[in-house]
Amino acid sequence: MRRQWIGGNWKMHGSRSMASALAGAVAEARFGDVDVALFPPFPYLREACAACAGSAVAVGGQDVSEHESGAYTGEVSAAMLRDIGCTVALAGHSERRQYHHETDAMVAVKVAQALANDLTPVLCVGETLEERDGGRMAEVVLRQLGAVVAHCGIAAFERIVVAYEPVWAIGTGRTASPAQAQEVHALLRSQLARDNARIAGSIRIVYGGSVKPGNAAELFAQPDIDGGLIGGAALQATDFLSICAAAG
Ligand code: 13P
């Protein structure tokens, strides 16, 4: 049985005081058998790290630079995230792929940077509605996954969390049905199993896209869904904690 994993991706929301209060409330909560991570905006990482210090709650960047250091204005390196107390980082969120033109190759390098700096990468994959309707869901998610396997090697997946986030379900209130999500999670796991059955059996593959307190338990009960990456519902402590409880 895999231990479930829940992440709260705050996206570009909040303020310094909100970050302290929300991270503080999550850090004080008692969880069952679940790993919990928070992804505040960069300027509030220190508040969240301070609030979560000494707790089991991990804090991470919503993105990480593919570069180690240097003249890359606006970028934040994996080493910097690690330096301020982060232990995890998102890579390849669909909003980064869509609005910042991140390619599969760039995402793979970001994952490698995170790993090299002792951060747990959360590799996000997912198809758009157009791709799903065009019968290309499998091709897209396997291509996104395969780019990271090719660049980092299958052994790296020992330390990676994969998040399946169908773009059409993000922030739309339109959740993938548990069966739809399960189908993709099983596909991703079986693809990894071709390279290493043990790693495929132990990796956490979490679902993201309009997860709410009311639908979390049913999603997390699917055999290949090992938790969730939560957007909107991560901005309220009560909602987020009830989702964590559904996983634990
Ligand atoms: P929502 O939960 O708001 O749909 O966002 C999901 C997401 O993108 C998490 O990274």
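As the structure lists them, so they are numbered: ligands from 1, and atoms in each ligand from 1. Remember, it's a predicted structure, so these values are computed and weren't measured experimentally. By convention here, the first residue in the shown sequence is residue 1. What's counted below: heavy atoms across the whole structure, side chains too, no hydrogens, waters or symmetry copies.
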Can you give me every donor-acceptor pair (side chain of residues 237-248, partner residue at least two apart or in another chain, under 3.5 Å) with its distance?
| unit_1 | atom_1 | unit_2 | atom_2 | d |
| --- | --- | --- | --- | --- |
| Ser242 | OG | Asp239 | O | 3.4 |

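- Partners of Gln98 by side-chain contact (heavy atoms from CB on, under 4.5 Å), not counting sequence neighbours, listed by chain and number: Val167.
- In this model, a donor atom of one side chain and an acceptor atom of the other lie less than 3.5 Å apart for His93 and Glu165.
- Proximity of a side-chain donor or acceptor of Thr175 to a complementary backbone N or O of Ser210 within less than 3.5 Å is detected.
- Considering backbone and side-chain N/O of Ile170, none are found under 3.5 Å from N/O of ligand 1.
- Applying the 6.0 Å contact sphere to CZ of Arg16 captures no more than 12 heavy atoms from other residues, nucleotides or ligands.
- For ligand 1, the atoms closer than 4.0 angstrom to any heavy atom of His93 are 7 (C), 8 (O), 9 (C), 10 (O).
- Remark: ligand 1 atoms within the under-4.0 Å shell around heavy atoms of Ser210 are 1 (P), 2 (O), 4 (O).
- When only non-hydrogen protein atoms are considered, atom 9 (C) of ligand 1 lies nearest to Glu165 OE2, 2.8 Å.
- Taking every non-hydrogen atom of Gly171 and a distance limit under 4.0 Å, the qualifying atoms of ligand 1 come out as 1 (P), 3 (O), 4 (O).
- Looking at Lys11 next to ligand 1, an N or O pair under 3.5 Å apart turns up.
- Shortest contact from atom 3 (O) of ligand 1 to any protein heavy atom: Gly232 N, 2.8 Å.
- A salt bridge is defined here as a Lys NZ or Arg NE, NH1 or NH2 lying under 4.0 Å from an Asp or Glu carboxylate O, and Glu158 with Arg198 meets this definition.
- For Asn9, every heavy-atom contact with ligand 1 shorter than 4.0 Å involves the side chain, none the backbone.
- The closest approach between any non-hydrogen atom of Gly7 and ligand 1 is not below 4.0 Å.
- Atom 2 (O) of ligand 1 has Gly231 N, 2.9 Å as its closest protein atom, hydrogens excluded (heavy atom only).
- Checking only distances, Glu95 never comes within under 3.5 Å of ligand 1, N or O to N or O.
- For the side-chain contact (heavy atoms from CB on, under 4.5 Å) with Pro121, the lone residue among Leu115, Val148, Val107, Leu90 that qualifies is Leu115.
- Heavy atoms of Ala233 found under 4.0 angstrom from ligand 1: none, in either backbone or side chain.
- Those atoms of ligand 1 with a heavy atom of Gly209 less than 4.0 angstrom away are 4 (O), 6 (C).
- A perpendicular orientation is assigned to the rings of His185 and Tyr164, their planes being inclined by more than 60° (bins at 30° and 60°).
- A salt bridge does not link Arg3 to Asp226: none of the charged nitrogens lies less than 4.0 Å from a carboxylate oxygen.
- Heavy-atom contacts of Ala169 reach the following atoms of ligand 1: 4 (O) (cutoff under 4.0 Å).
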